[in-house]
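Notes follow the structure.
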Amino acid sequence: MCNNERYDKDVRNSLCHMRNIDASDYWKTAQECNVACNGGMNWHSGSEDFAKLLKGVGIPEEYAYKSYPMKLFFDAGVCFVNSSDRPCDGGTYYPFECMQIGVTCKGASDTEGYEWWPEERLTREQALLAMTINGAYLVHAGNERGSIAKGKLADFLVKTVM
């Protein structure tokens, strides 16, 4: 949860789509900003062919096998929020698929394939925080959503099939 006392709690800065930035910038984000909002988990998958494509269009080698950071934000103390701009981006907008990608660093339907930037693998708890509580914090809605509690809105539903 984002309870860093260094920040004015009325300010919720967000940086969207931070991709392929220098590692020192994650630490700058932690020191100078309050929240990183990133569509990371649903895009955190790729393949060897995709990396070759990126290199072919001029992406430097050190970034070609990387995507949106996730764990680096958590490690730096930045409040990482996952989101999706689906259907614009072609990724998934299903929260469980986004969390699966964040935890496995593989495409949601890819059970044996390529791990994309596995150093950025999240724990299940981090993936859940990024999809729920941290997002509610970002938009000043933590009192009404983001966690399961009496009186809060149920934004996250689970359907069981029998």
## Note on the structure
The side chain to side chain donor-acceptor pair (under 3.5 Å) partners of E48 (sequence neighbours excluded) come to Y65
### Message
Holding to salt bridge (Lys or Arg N to Asp or Glu O under 4.0 Å), I want the full list of residues that pass it with E119, two or more places apart in sequence or in another chain.
### Response
none
### Query
At their closest point, which heavy atom of P69 faces which heavy atom of F80, and how far apart are they?
O-CE1, 3.7 Å
### Query
Do L153 and I148 share a hydrophobic cluster, counting only Ile, Leu, Val, Met, Phe, Trp and Tyr and linking them when any side-chain heavy atoms are less than 4.5 Å apart?
no
### Message
So E125 and L128, do their side chains get closer than 4.5 Å, heavy atoms only?
### Response
no
### Query
Between M131 and C98, what is the shortest heavy-atom contact and its length?
SD-CB, 4.1 Å
### Task
List for me each residue that meets side chain to side chain donor-acceptor pair (under 3.5 Å) alongside E144, sequence neighbours excluded, and say none if there are none.
none
### Task
Please check if the side chain of K66 supplies one atom and the backbone of E120 the other of a donor-acceptor pair under 3.5 Å.
no
### Query
Taking side chain as C-beta onward, heavy atoms only, is R121 less than 4.5 Å from M70?
no
### W117/L72 under side chain to side chain contact (heavy atoms under 4.5 Å, CB included): CA gap, chis, key distance, verdict
CA-CA 11 Å; W117 201 8; L72 279 168; 4.0 Å; yes
#### Entry: Least distance between heavy atoms, A64 atom then W116 atom
O-CH2, 3.4 Å
### Task
Sorted by first residue and then second, give each salt bridge (Lys or Arg N to Asp or Glu O under 4.0 Å) pair with at least one member in residues 71-80; sequence neighbours left out.
K71-D75
### Message
Give me the atom names and distance for the closest heavy-atom approach of A127 to V103.
### Response
CB-CG2, 3.9 Å
### Message
Taking the side chain as everything from C-beta on, heavy atoms only, tell me whether L122 gets closer than 4.5 Å to F73.
### Response
no
### Query
With sequence neighbours left out, what residues match K55 under salt bridge (Lys or Arg N to Asp or Glu O under 4.0 Å)?
E61
### Query
G146 and T132: which non-hydrogen atoms are nearest, and at how many Å?
O-CB, 3.3 Å
### Message
Looking at every heavy atom in both P118 and C105, which two are closest together, and how far apart are they?
### Response
CA-SG, 3.9 Å
#### Entry: Criterion side chain to side chain contact (heavy atoms under 4.5 Å, CB included) against N134, the qualifying member of N82, V81, V78
V81
